[in-house]
Each structure stands twice: as structure tokens, then as C-alpha cells.
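Here is the structure we will look at.
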There are 2 protein chains.
Amino acid sequence: MATVNLRDVATLAGVSVGSVSNVLNRPGTVSQDVSQRVLSAIDTLGYVRNDAARQLRAGRSRCIGLVVLDIANPFFSDLVRGAERRAAEENLTVLLGDTEEDPARERVYIDLFAEQRVYGLLVSPLGEAMPRLRALKKQGLSTVLMDWHTEDHQFSSVAVDNVAGGKLAVDHLLEMGRTRIAFAGGPHSIRQVSDRFEGARKAVAQHPGATLEVIDTQSLTVLQGREAGHRISQRKAAARPDAIFAANDLLALGVLQAFNLSGRISVPNDIALIGYDDIDFAAAAMVPLSSVKQPSTEIGHTAVDLLLREVAAGADFEPERIVFQPELVIRDSTSAQH
Amino acid sequence: MATVNLRDVATLAGVSVGSVSNVLNRPGTVSQDVSQRVLSAIDTLGYVRNDAARQLRAGRSRCIGLVVLDIANPFFSDLVRGAERRAAEENLTVLLGDTEEDPARERVYIDLFAEQRVYGLLVSPLGEAMPRLRALKKQGLSTVLMDWHTEDHQFSSVAVDNVAGGKLAVDHLLEMGRTRIAFAGGPHSIRQVSDRFEGARKAVAQHPGATLEVIDTQSLTVLQGREAGHRISQRKAAARPDAIFAANDLLALGVLQAFNLSGRISVPNDIALIGYDDIDFAAAAMVPLSSVKQPSTEIGHTAVDLLLREVAAGADFEPERIVFQPELVIRDSTSAQH
DNA sequence: CCATTGTGTTGAATCGTTTCACCATTAAGC
DNA sequence: GCTTAATGGTGAAACGATTCAACACAATGG
């Protein structure tokens, strides 16, 4: 219970605290004898370093804070994995905060990580966080934005061109002869959603005779997708869209489940369906799901890379902006009617 | 860059550091006037608390360390969610470590959290971690085990009866008239895997004429499932099992993908397939997947509960052991042959 | 008018580690 | 044998927030 500290170790080993610290942090500068004694003292006492004290002295921790919208979304868990691997190479650890798309919780995590004096922050921000992030930047907190960038070019960022992705998806639907397009997604305050919608809008605008309807969801989850699908299946057949672009794969899979349950709507015959992210489960769905693929792991990897460069460069750092291009993946859910 | 600290705030506000601390931590005991001045000073300086210093004094942080095998597995992301919600109620934050089933990384996270003097630890341990956890318990680190328990009853634990679950799954397969059962999963060093296998073994043992084959995988992922499925589909039809029990849904979905890709094997006609966890995607699969359901969110929730009780009780705490019962979910992937 | 109570505020001690200027001891050089 | 270097080791001063005994001052009661 009473925690063992460096002094206890030093006493038992019969050396000074400085030497114990040296054994731990600069093994080269210490004699065999002392090193031996210290290590065995550590062992018998079960000494565990106190990171708070280390950090207090060092001024900064060896953890990177990563704030994501939804870890239940495979896109983000892949992204996390990419970030973790790159971080591990530099002997850094990733601390993960899941906001469930809630701005309040986003704020809590950002503040928590700031107070922890993390090495740096990786955020895919909901809009409201930006002023706070600017303020924290002034206090020396390096941040890399994901799927977001600022006009003033103050932050490094790594993103996928969501507008292009949205356009890709809907262009494909239009090419397959669909014209009554519906965009399912929300809330539009999420950048990814509004950008993908913007792409959809562009595609439809270039195609005379095509229409775009918006089906709002409260979040980007399977459950919300089911709900949206249910609402659509309740409509009279004539009032239904002939194609749906879902803001992500979770929604799309939910919609698919709802259609299947209703027994009234066949994908792709009645309605074509395309999602976004190309998660592993998209290919395994009831009707293999067309989607727009993003290099999720690479995004996480690259974000850490940018962060490392920024911290290394210090004050005179020129923020970088990296944009990946999305890729269309065509499967059965958008094949031709027959 | 130069970080702002309490003293800076105190100076600007024209009060002592003690008073600033009071404004932050005991707002009731401070006059309007001082409070006002301090808050505005904090605002103009952009002061951010230093958690390291707080913790050093407090001796313990307000974060719970949660170590999971694989965040890409929806079972674990649901569990995390349950834990986070319960933690939030107590004004605690969850720090997440993903080991990807790697004992080395598990050890890194456990040590990291111990050094951070987290409020407590929630682990679903790979076997090798137990000695370390015992040692850390002596140093005052409270730990709740998930899907694991020790004979000596030293740790609180929350688990689902994986043996019963495995038996449930295979009993079902046998009832549907299958006899050449295969268990797909691995490594067997993972407790969940060996327990579920044990359940399968029991079921088969009670059923004369039934056989049980083991198909090893390196991890519990969709990719490994695909690989295993591929290997099976390469065999001559007569050498294939007529039912597969996969150690989790990710594997099962991978197997399903491989069979579908091969075009040679139909589920459930040629081979019945059942998974474990009943993740959201199981119901949406190409062939809706039978599975064994676990109360994932509740597990996380309960684990935090146990931890809170343990920390509150202090030294004279009697570890508790909670076991949930799994539930069979039957879908098309195990329906009768026709 | 003094004693008592209460309300705010202060300053110094504390938490455990790291760092660094400064000793001790030995080895090498002449 | 004495100086110079080199090698190990030491102890005290940070780091920044919290806590708490002590104090200042005002209000109340007798």
C-alpha cells in the first residue's frame, strides 16, 4: 500500500537516489556493482516508477492523445492501429479517447490530454473544438487534424478528400442509371458527413434529371441505419429513392438489414446502395456492399508522422497538409437492375 | 511555449497560489472578488492545469486503464463503451490500450498504466500477465479481470461462461444433425479460445459418433478466418467438416467470405457455421450468422463497478466474481440441410 | 470593551523524479 | 611523488499543484 519510491530503493541498495536514477536512465554511466545492487533492490521492493513525477520534471509525457468519433467504427479502429504502430516505433504510446460523436465528450478528452501534457494530439474534430485547439496550440500543444483543415493553415492535417469521395459514389450510382438518389447521413455538423454530401450534390448537379434527397440520421451507426432503412421501407414504392448513398458503411449495413427484414425491398434491384469506408464487413454483407475506400491505417500512420515532425521542428514549424484520394469499390449492391 | 503555471496566475490576479488552487478546487470557500480576478487571469493567460503535478500530490490519477485484446473486434468496442459510461458517472476517464493479442504489448500497457498510477486496471489478460498483476496488486494497484479468474480468489473478475457458450454452440450443431464438427480458432493460449474449445469438446464427448477437428488460426480476425476458410475449401468435399464452430464472429465472417469466394461451398447446405459474440455484423452477413451472444456492454459496465467497489473498500476487500451466462442466437447459417 | 466565532487568505511543506554542479577515488603521465 | 584526467557517485535544487496550520479581520454576544 505504502508506495515504494526511489529513496527506498536507494536506501536498500546503499546508494544515493541520483545513482538509482542513473541506473534507470543512463545505464552506461554506472558501475556494475551499483547497478547490480540497485536492480536487485528494485526487484525485492517491487518498485514501480512514478510517471507523474517523471513527467512533472520532464514537462511532457511520452503519450500521444488520439481522439476519435467512434471506435466501434472499423474505419477508426484501423486508423488507431496505424497510429499505434508508428508511435510504437518512436517508443510512444497512444492514449485513446472515444467521443461517440458528442462534442461535450470531445472537449473533455481534449482538455484531459492537454492537462496530461501529452506529447501531441491527433483529432478528427467536431467543429466546436477548433477555438479550444487554437488556444492550446498557443500553450505549446501540438495537434494534427484528421479529416479537417483550417483556412489559416495553422495546423498540420491529414485527410481524405471526402468531397471527391462523395462525388465518386454518386457518379457511380448515376452511371448505373439511377436518378432518384438519397443521401443518408447526419448530423451534418460532422465534417465527413457534410463533405460527402457536398460531393453528392455536385454529382447530381451535373446530371440533368437526377434528384437528391436527404435522409437525416442522428449518428453514423448500424442502429441509425436500420432506423433510416425502416423509414424508407414504410413508404409507398413510388415514393422511394432508387439509390441510396450512405455516409458510411455502418449506416449502409443498417439500411440493408432493415430492407431485408421488411422483405419488401431488394438490393440492388429496387434500390442500389453504396456506403463509405470499405470496412471489412462490407464485402461480407448479405448483399456485398459497394463502397468508397479510404487508406485508414495509412491515415493514422501519417498523422503520427506529421506530429513527430512538428514536435521535432519546434517553434519554426511549417504546418503540412496531406490529402489522400478515395477509391471506388464496386460490388453487388450497386449492380445493374434486371 | 513557456508554460503558464499557478504562480503566474496568482501573480496576475494579485493573490497567493493557495487561493488560486482554492478557486479551482473548493469554489465555495472563496470570495466573489478573488474568484473573479483569478478566473479572468486564468482566461487571459490561457492557463492549463498540470495533471502530473496534481497526481504527484494526490498519489493517484482519475483514469482507469483498460487493456483489450483487439479494439477492431466489435465485442470489445461495445465493452469499452459500457466501461466508459459507468466511469463517466464517477467522473473518471478510461484510457484504452489495444494489445492486438500480443503478450509483449499487453505487458507494456500494464506497466505504463501502473507507472501512471491509474485509479485501477481492467484487463482481459493473456496468461503471462498474471504474475506481474499479482506483484502490482501488492503495490496497491487494483485490478479487475475480464474473462479470467484465479483459483486463489485474489482478484475480482467478471466473465461470461465460455465453456457453457462453447457447449451451447456445438450442442446446437449436433442437434441440427451435424456430426463432423470443426473448431476454428487460436491461439489456444487465449483463455476465451481454450474455454470455448473445451465447451465444444464436452458437447462432442456426449454425442457418440460425432467428431471434433481443430483448425488453428493465428489470431481472431476476419483475415485469419478467410485464410482458414480457404484451407477448408481446398480439401476434397468428403474431407471437409459438415459444421464449423468459429471462436468468434470475425473468424466466422472470414470463413464465410472464403467459402463464398470459392463458389464451392454453400452455408448452411454443405457446411453449417456458427460464431461467437453476436456482433452487429453477424445478422447482416451474406448468410445471417448464428452466434453466441454475450452482454458486452454490461461486462464493461460491471467491471468498472467492481473496480469502484474495490477501491472504495480499500485493504479489507473481498474480491467478487461475477459470471454471465451466454445465449444462443440461431440464424440461417445453421439451419437444416435441404 | 473584550472574548468568541467565523470567514478568507496566506505561505511553506510535500509529493517522487531528474538533473547537474561538485566531490572522491583511482589511473595515467611525467 | 605530484599533477592531471577520467570515472563514479552524491545531494540539493528544481518541476507545479495541493493542503493545512496559522493568521488577519470582521461580526457577534455578553
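So you know, we letter chains A, B, ... as the sequences are listed, proteins then strands, and number each from 1.
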Using a 3.5 Å cut-off and no angle test, enumerate the donor-acceptor pairs between side-chain atoms of residues 107-114 of chain A and protein atoms at least two apart in sequence or in another chain.
| residue | atom | partner | partner atom | Å |
| --- | --- | --- | --- | --- |
| A:Tyr109 | OH | B:Glu84 | OE2 | 2.8 |
| A:Asp111 | OD1 | A:Arg132 | NE | 2.6 |
| A:Asp111 | OD1 | A:Arg132 | NH2 | 3.0 |

(request) Return yes if a side-chain donor-acceptor contact under 3.5 Å exists between B:Asp152 and B:Thr150, otherwise no. (result) yes

(message) Test: salt bridge (charged side-chain N to carboxylate O under 4.0 Å, His left out). Region: residues 65-79 of chain A. Which pairs qualify, not counting sequence neighbours?
(response) A:Asp70-B:Arg81

(message) Between B:Ser156 (side chain only) and B:Glu320 (backbone N and O only), is there a donor and an acceptor less than 3.5 Å apart?
(response) yes

(message) Quick check on contacts: within residues 32-45 of chain B, what sits under 4.0 Å from DNA chain D by heavy-atom distance?
(response) none

(request) Establish, yes or no, whether the cationic atom of A:Arg309 lies under 6.0 Å from the six-membered ring centre of A:Phe317 and within 45° of the ring axis. (result) no

(message) Contact between B:Leu45 and B:Leu12 at the side-chain level, heavy atoms closer than 4.5 Å - yes or no?
(response) yes

(message) I'd like to know whether CZ of B:Arg134 has more than 12 heavy-atom contacts from other residues, nucleotides or ligands below 6.0 angstrom.
(response) yes

(request) Go along nucleotides 14-26 of chain D 5' to 3' and tag each nucleotide: B for a protein heavy atom under 4.0 Å from its base, S when only backbone or sugar atoms are that close, - otherwise. (result) BBBBBB-------

(message) Between B:His149 and B:Phe155, is there a side-chain heavy-atom distance shorter than 4.5 Å?
(response) no

(request) For C:dT9, take OP1 and OP2 only and decide whether either is under 4.0 Å from a side-chain N or O of B:Ser31. (result) yes

(message) Just N and O in the side chain of B:Ser19: are any of them under 4.0 Å from OP1 or OP2 of C:dT10?
(response) yes

(request) Can you run down the salt bridge (charged side-chain N to carboxylate O under 4.0 Å, His left out) pairs that involve residues 46-57 of chain A, sequence neighbours left out, and say none if there aren't any? (result) none

(message) For a 4.5 angstrom cut-off between non-hydrogen side-chain atoms, does A:Leu145 reach A:Leu122?
(response) no

(request) Grab the stems for DNA chain D, please: at least three consecutive Watson-Crick or wobble pairs, both distances below 3.5 Å, written as range with range. (result) C:1-30 with D:1-30

(message) What is the distance, to the nearest angstrom, from the CZ atom on A:Arg60 to the P atom on C:dT18?
(response) 17 Å

